Amino acid sequence: MSSALHLLNADLHCHSSVSDGTLTPEAVADRACANGVQLWALTDHDEVGGQQFALEAAHARGMDYLTGTEISVTFAGKTVHIVGLGFDHTHPGMVDGLAFTRGGRERRARDMAADLARVGIPGAFEGALKYVGNPDLISRTHFARYLVEVGACGDTHEVFRRYLTEGKPGYVEHRWASLGDAIRWITQAGGLAVIAHPGRYDFTPTEEYALFTEFKAHGGLGVEVVTGSHTVAEYARYADMAVEFDLLASRGSDFHDPNESHTDLGTLPDLPGKVTPVWEALQARIHRA
Ligand code: AMP
Ligand code: MN
Ligand code: MN
Ligand code: MN
């Protein structure tokens, strides 16, 4: 059943310069507000350091706010992202868990840089670090920006295709948090866990079924249906999955940067009428402007 809440312009997935986005939380808030977003969540990777800034920036612009983060987990040998919404961003279990999982990023980045040096691209660790400052937050996106800077590729998407994805010369396997850990950090802090962009993982139907089943068993409650990472066919497919698995549906652009991102903040279609928006269950967790 469609309701007035279906028509709310909610954008519950995006990044700032606190992780691998390029705009500050305040500049992301400006852009969300200019695009008509009414309910916003900033979901930086494995980090909540931008939450207080985002919350204040949202309120200063008249937007309602939900706290957010996007946690990397390893499931069935692949990296899966779990978005957390509406939690207490000062909760020690969450803060310590995220710090622990971020700790592995510097080691991986040094290994990636060594691989890239072997294929003729030296200095990539220092080069990528320039784009983020903190080695615990260094991501493939920062390497991609550096490889564009030195002319190895024309744009960041080409860098991912040629260097930074499985089987390519700058890709390094990494063991992230477990699915259960990520869901526990989120739910113990009072939040709600959401499977991010399920259409992006290249799982077989059996693996995908296992992900949804285990996610539910650990207490996960939502799935992204309308996201910048999905095709229109995937909006329909994951709306069906949300109904089948009795999951709440989320909507978010996954905006990172005005030039790199395909989808701008607040510009996605509304959720299909057959699903229940995740923000219906999060009413008490919303910080009202
Ligand atoms: P990391 O957490 O360091 O593995 O980096 C993952 C980030 O890289 C994602 O959050 C995206 O922002 C970006 N990313 C991953 N795959 C691609 C791709 N094929 N094209 C562009 N960006 C990508
Ligand atoms: Mn990212
Ligand atoms: Mn993601
Ligand atoms: Mn994201």
Side-chain angles (χ1 to χ4, degrees), residues 11-23 25 28 40-48 50 54 68-75 77-85 98 101-113 115-116 124-125 128-129 131-132 134-148 153-168 170-177 182 193-202 223-224 226-231 250-265 268:
D11 194 322
L12 305 182
H13 187 155
C14 63
H15 301 271
S16 75
S17 50
V18 169
S19 64
D20 64 345
T22 55
L23 306 180
V28 180
W40 177 46
L42 176 69
T43 55
D44 278 309
H45 295 285
D46 306 314
E47 171 60 288
V48 290
T69 187
E70 181 177 19
I71 305 177
S72 306
V73 313
T74 301
F75 180 83
K78 287 207 173 97
T79 300
V80 168
H81 287 170
I82 301 297
V83 162
L85 296 171
L98 294 182
T101 191
R102 282 198 305 272
R105 282 189 178 267
E106 175 169 0
R107 180 73 255 159
R108 178 183 69 144
R110 290 191 186 279
D111 291 346
M112 286 170 63
D115 279 3
L116 290 167
F125 178 80
L129 188 57
Y131 286 90
V132 58
N134 179 354
D136 281 353
L137 289 171
I138 199 165
S139 84
R140 285 184 289 159
T141 314
H142 304 113
F143 279 86
R145 292 187 186 130
Y146 177 68
L147 265 62
V148 172
C153 292
D155 64 42
T156 54
H157 299 286
E158 186 190 340
V159 181
F160 275 93
R161 265 199 315 279
R162 287 179 51 198
Y163 292 100
L164 301 182
T165 37
E166 220 174 314
K168 301 300 163 63
Y171 184 77
V172 172
E173 278 294 333
H174 193 75
R175 177 125 203 126
W176 300 107
V194 176
I195 300 172
H197 43 61
R200 252 186 43 192
Y201 303 126
D202 290 326
V223 60
E224 285 185 347
V226 174
T227 134
S229 302
H230 281 174
T231 61
S250 193
R251 172 183 189 262
S253 58
D254 208 357
F255 176 85
H256 284 70
D257 170 83
N259 299 311
E260 291 170 14
S261 299
H262 304 295
T263 307
D264 206 344
L265 289 148
L268 287 163

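Worth saying up front: this structure is predicted, and the values here are computed from it rather than measured. Just follow the structure's listing: the first ligand is 1, and inside any ligand the first atom is 1.
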Cationic N near anionic O, under 4.0 Å, Arg145 to Glu260
yes

Could you tell me if the side chain of Arg200 sits less than 4.5 Å from the side chain of Thr227, heavy atoms only?
no

Near-ring test His157/His262, centroid separation under 6.0 angstrom:
yes

Neighbour list for ligand 1 [protein residues, heavy atom under 4.0 Å]
Asp20, His45, His81, Arg105, Arg108, Ser139, Arg140, Thr141, His157, Phe160, His256

N, O or S atoms of the protein lying under 2.8 Å from the Mn ion (ligand 4)
His13 NE2, His15 NE2, Glu70 OE1, Asp254 OD1

Among the N/O/S atoms of Asp20, the Mn ion (ligand 2) lies closest to OD2

Stepwise side-chain contact (heavy atoms from CB on, under 4.5 Å) test for Asp20 and His142
CA-CA 7 Å; Asp20 64 345; His142 304 113; 3.9 Å; yes

Quick one: do Asp254 and His15 satisfy side-chain hydrogen bond (donor to acceptor under 3.5 Å, both in side chains)? Show the steps, please.
CA-CA 7 Å; Asp254 208 357; His15 301 271; 3.1 Å; yes

Side chains of Arg140 and Tyr171 in contact at under 4.5 Å (non-hydrogen atoms)
yes

Phe125 vs Ile138 side-chain heavy atoms within contact, under 4.5 Å:
yes

Is there a side-chain contact between Leu12 and Arg251, using heavy atoms and a 4.5 Å cut-off?
no

Can you confirm whether Met112 sits close enough to His174 that some side-chain heavy atom of one is under 4.5 Å from a side-chain heavy atom of the other?
no

Flag side-chain contact, heavy atom, 4.5 Å: Arg105 against Asp136
no

